[in-house]
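Heads up, the thing below is written out as structure tokens.
Below, chain A is the first sequence line, B the second, and so on; all start at residue 1. Scope of the values below: all heavy atoms of this structure, side chains included, with no hydrogens, waters or symmetry mates.
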Protein chains: 2
Amino acid sequence: MKSYSVKELLEKQPLGDSVVVNGWVRTFRSNRFIALNDGSTIHNLQCVVDFENLEESLLKQINTGAALKVSGTLVASQGRGQSVEVQATDVYVHGGADPDTYPIQPKKHSLEFLREKAHLRVRTNTFSAVMRVRSALAFAVHSYFQQNGFYYMHAPIITGSDAEGAGEMFRVSVLDPKNPPLSASGDVDYEQDFFGKETNLTVSGQLEAETYAMGLGKVYTFGPTFRAENSNTSRHLAEFWMIEPEMAFYDLDANMDLAEDFVKWIIQYVLDNCQDDLQFLEKRLLDEEKSKPQHERSEMALIEKLKFVVDNNFKRVTYTEAIDILRNSKPNKKKKFQFPINEWGADLQSEHERFLVEKHFKCPVILFDYPANIKAFYMRLNEDGKTVRAMDVLFPGIGEIVGGSQREERLEVLQEKIKALDIDEKELWWYLDLRRFGTAVHSGFGLGFERVVQFVTGMGNIRDVIPYPRTPQNAEF
Amino acid sequence: MKSYSVKELLEKQPLGDSVVVNGWVRTFRSNRFIALNDGSTIHNLQCVVDFENLEESLLKQINTGAALKVSGTLVASQGRGQSVEVQATDVYVHGGADPDTYPIQPKKHSLEFLREKAHLRVRTNTFSAVMRVRSALAFAVHSYFQQNGFYYMHAPIITGSDAEGAGEMFRVSVLDPKNPPLSASGDVDYEQDFFGKETNLTVSGQLEAETYAMGLGKVYTFGPTFRAENSNTSRHLAEFWMIEPEMAFYDLDANMDLAEDFVKWIIQYVLDNCQDDLQFLEKRLLDEEKSKPQHERSEMALIEKLKFVVDNNFKRVTYTEAIDILRNSKPNKKKKFQFPINEWGADLQSEHERFLVEKHFKCPVILFDYPANIKAFYMRLNEDGKTVRAMDVLFPGIGEIVGGSQREERLEVLQEKIKALDIDEKELWWYLDLRRFGTAVHSGFGLGFERVVQFVTGMGNIRDVIPYPRTPQNAEF
């Protein structure tokens, strides 16, 4: 007898064949109908047992959550809801699940409750769908770049430099935590630490990715990054995965072209490969939003929203134009923005980004040429001396999803900026070397992977799109 | 004029077309022949300039390492060593590279020298080839699993539990390093730390992967893992990437089948997709070994060795059989082993593994059913009560490349083992839950990614197959 996954059986439908299938009981009705799921698909396989010929003791073990091996014949189903089913000739119980203690019973559980059971929540429809989509999205990222001549690069996780300043860092150490060795000056003596210097968890692989782009041409990172910020919101994690492509000989226009093409391609990949899960997640979102007032509900259903992004050209607008639009907008004049827009130079908040995307342009927007003083030091200064070649891609419902720039390739300009920020040039000696030897126009961007998973799955809280979220006061499992 | 990468130009050969190509000068001969490389391939593109019509100042900037944009016509080459070349009509210098200070000159550099210049070494043939192969191997890993019904899972990097005991850990903290807060008992008060508890960098994602396998069926991780061990060898890194598949309903035999099929597939992928780089690396290895005495040289050339792995069935042998073979082997009797094999229960060293693979069986070997007391607590106990369902895949030249096992699925047996090891059961409450609710036979293995890259590229030192190696006293860049 051949062994199949549930997905294979439902797709191939080898009617009349003797089959074996393993999985977990989702429900068991009328002592007769087992809905079996093995995680390969959102769909269950109906297995029909003849309770009159099953031992009572075995029958009692067929509870929600129990692991079974079912042998039988695949036949066309007479019932509604499935086209095929297994007429079981044998049922083996790998392991039971006591209904009195097993938390994942077939009823509605809140997402908050399931977060406490993060080791079991992937056994629910919602989380299995989210995590299958997450897996497909990750593969789409790799596939896109590999097909387009990029090389995957692993940027270091433990870093010896704190130069990028993208956020607060976690310290990595093996020194005695209570009585660390001190140097003659009375400070902690990191020379005695594992790496002989103070080290932290990376906040971004960009600077290292630049070193590789200046040798391999086009590279991308896809790895974990960290922020030790005390942000207890539905949009922030202390540990999250980031994708950072970096391309030699790309100016800002080429960078924007790439970002748009890339984001559309990975979303189209999920539309092509995860229809079942997306349909489930779309329905889940609709159900969830039924309890909300009309104006808080999504304007588009999930799949419609994804198609909207794929089918529309992203509108490209300078920061300066955007400020004009925002300053003269209704919500600004009626003081509806929490942060009113008064003058050029203001940093844009999520409310402004969403206004531009959802109300004004009604399509994804790429803002570019931002004021230099609200952006990072490595972004290329424009000829006007006050704006930099930065760009942000803004999405409906979520705001910024991509942030990138053309990089400052001129040694002297970069040195001046570093000096103005009081960063020790020695900290960045290797980064400056890229401008000393064979420098060239180059660009890149960063994409927070969990933000994309949130967008594609419609999950409201970022803690629900990563297996084991790390947030302030929470590193369980 | 259309812009091309060097790889595209050499593959497509659009003879007669006007083309633009960007890259870095590898060499410049006779004021006439530029060997241009952009990282897309190991091969250079010959660009021919007419020095009589070029400005003297521009000509002086065409040095090794300079970044150029060359426009011209692609023509068939009359010279040896290339089939096509660009007759340049225009040369633009993005950025020069002063020959007096640029370290990567066209001469032989030692690998040790280049490690100090890790931000520039990818501009050499050796490192660009290694890193392209590394990228292809990573994509092969994802492709294999995704094609075979596995879901990619991101295991957490920061972990709150130190239960696996796979090695020394790095502490992650934001507490004041010099004067940490103390609790009433006088210990460091981790309740005041970012996560409200003591946290470390993960040594393995396996336990968390098991939780996902018991919901999604077949999963794999591919992420960084860490060991704070003071091992200054050519085989150890403090930060390395690991691949850990985990499969519900797989016994040890199925696990061994998967490991063999997987390893062969990813090596075949590189053979199919990286021939140019492999040929270069094979030649590099031959050159390197010329200076070694005959008996230290590889028995097979690089590509031959890879084909050997792909074409041969891996020999499966129990630990007990292997001990018999080793005990009666010539090197053991002649006391040539550093660690003589006297009795059953001995842990195998690299020298023993390599003897089995290279001298005795002359093919890759899978050893299985190891003594319980030299393996981890989560491995399934055999009926003999003294061996566990562990397996290691052993490769020529490198020894263990895969380590895995069938997992202990029986709650009581696992609890006893945990107790015997003095691990607090509360630390593993979620791991034990997997055995409480719907437990089943399941298996998995781990593969150190850098070890595979070493094997495939023939690089002797693990520091040369990862962009920025982290080792004791070294976290530069």
Does any non-hydrogen side-chain atom of B:Phe249 lie less than 4.5 Å from one of A:Ser3?
-> no
In terms of heavy-atom pairs under 4.5 Å, which option from B:Pro467, B:Ala238, B:Gly65 contacts chain A the most?
-> B:Pro467
Heavy-atom distance under 4.5 Å to chain B: side chain of A:Pro180, backbone, both or neither?
-> side chain
In Å, rounded to the nearest 0.5 Å, how long is the span from CD of A:Glu239 to OG1 of B:Thr202?
-> 9.0 Å
Residue pair B:His94, A:Glu409: steps toward the side-chain contact (heavy atoms from CB on, under 4.5 Å) verdict | CA-CA 9 Å; B:His94 290 287; A:Glu409 85 280 12; over 6 Å; no
For A:Phe145, is it the side chain, the backbone, both or neither that has a heavy atom under 4.5 Å from a heavy atom of chain B?
-> neither
Ignoring hydrogens and geometry, is there a side-chain-to-backbone donor-acceptor pair from B:Lys178 to A:Gly186 under 3.5 Å?
-> yes
For A:Phe226, is it the side chain, the backbone, both, or neither that has a heavy atom closer than 4.5 Å to a heavy atom of chain B?
-> side chain
Side-chain donor or acceptor of A:Trp24 paired with backbone N/O of B:Gly438 under 3.5 Å | yes
How are the rings of B:Phe477 and A:Trp429 set relative to one another: parallel (under 30°), tilted (30 to 60°) or perpendicular (over 60°)?
-> tilted
Non-hydrogen side-chain atoms of B:Tyr190 and A:Pro177 separated by less than 4.5 Å = yes
Side chain to side chain, A:Leu216 and B:Arg132, heavy atoms closer than 4.5 Å = yes
Mind checking ring-ring contact (aromatic ring centres under 6.0 Å, His included) for B:Phe139 and listing every partner two or more places apart, or none if nothing turns up?
-> A:Phe139
Atom pair CZ/CE of B:Arg134 and A:Met153 - distance to nearest 0.5 Å = 9.0 Å
Test side-chain contact (heavy atoms from CB on, under 4.5 Å) applied to B:Met131 and A:Tyr212, step by step | CA-CA 9 Å; B:Met131 295 306 166; A:Tyr212 264 53; 3.5 Å; yes
Tell me whether the centres of the aromatic rings in B:Phe195 and A:Phe170 are closer together than 6.0 Å.
-> yes
Does B:Arg470 reach the main-chain N or O of A:Ile158 with its side chain, forming a donor-acceptor pair under 3.5 Å?
-> yes
Can you say whether the rings of A:Tyr468 and B:Trp430 are parallel (under 30°), tilted (30 to 60°) or perpendicular (over 60°)?
-> tilted
Between A:Leu434 and chain B, which part of the residue has a heavy atom less than 4.5 Å away: side chain, backbone, both or neither?
-> both
Using a 4.5 Å cut-off on heavy atoms from C-beta on, say whether the side chain of B:Thr211 contacts that of A:Val122.
-> no
Minimum heavy-atom distance between B:Ala475 and A:Lys197, given as atom pair plus value = O-NZ, 3.8 Å
Derivation and outcome, side-chain contact (heavy atoms from CB on, under 4.5 Å), residues B:Arg436 and A:Thr101 = CA-CA 9 Å; B:Arg436 289 191 183 98; A:Thr101 54; over 6 Å; no
Could you give the distance from CZ (A:Arg123) to CE (B:Met214), rounded to the nearest 0.5 Å?
-> 6.0 Å
Sidechain-backbone polar pair: A:Ser135 side chain, B:Tyr152 backbone, donor-acceptor under 3.5 Å | yes
Please flag which part of A:Ser5 lies under 4.5 Å from any non-hydrogen atom of chain B: side chain, backbone, both or neither.
-> neither
Where does A:Asn474 contact chain B at under 4.5 Å (heavy atoms): side chain, backbone, both or neither?
-> backbone
Of the backbone (N, CA, C, O) and the side chain (C-beta and beyond), which part of A:Ala248 lies under 4.5 Å from a heavy atom of chain B, both, or neither?
-> side chain
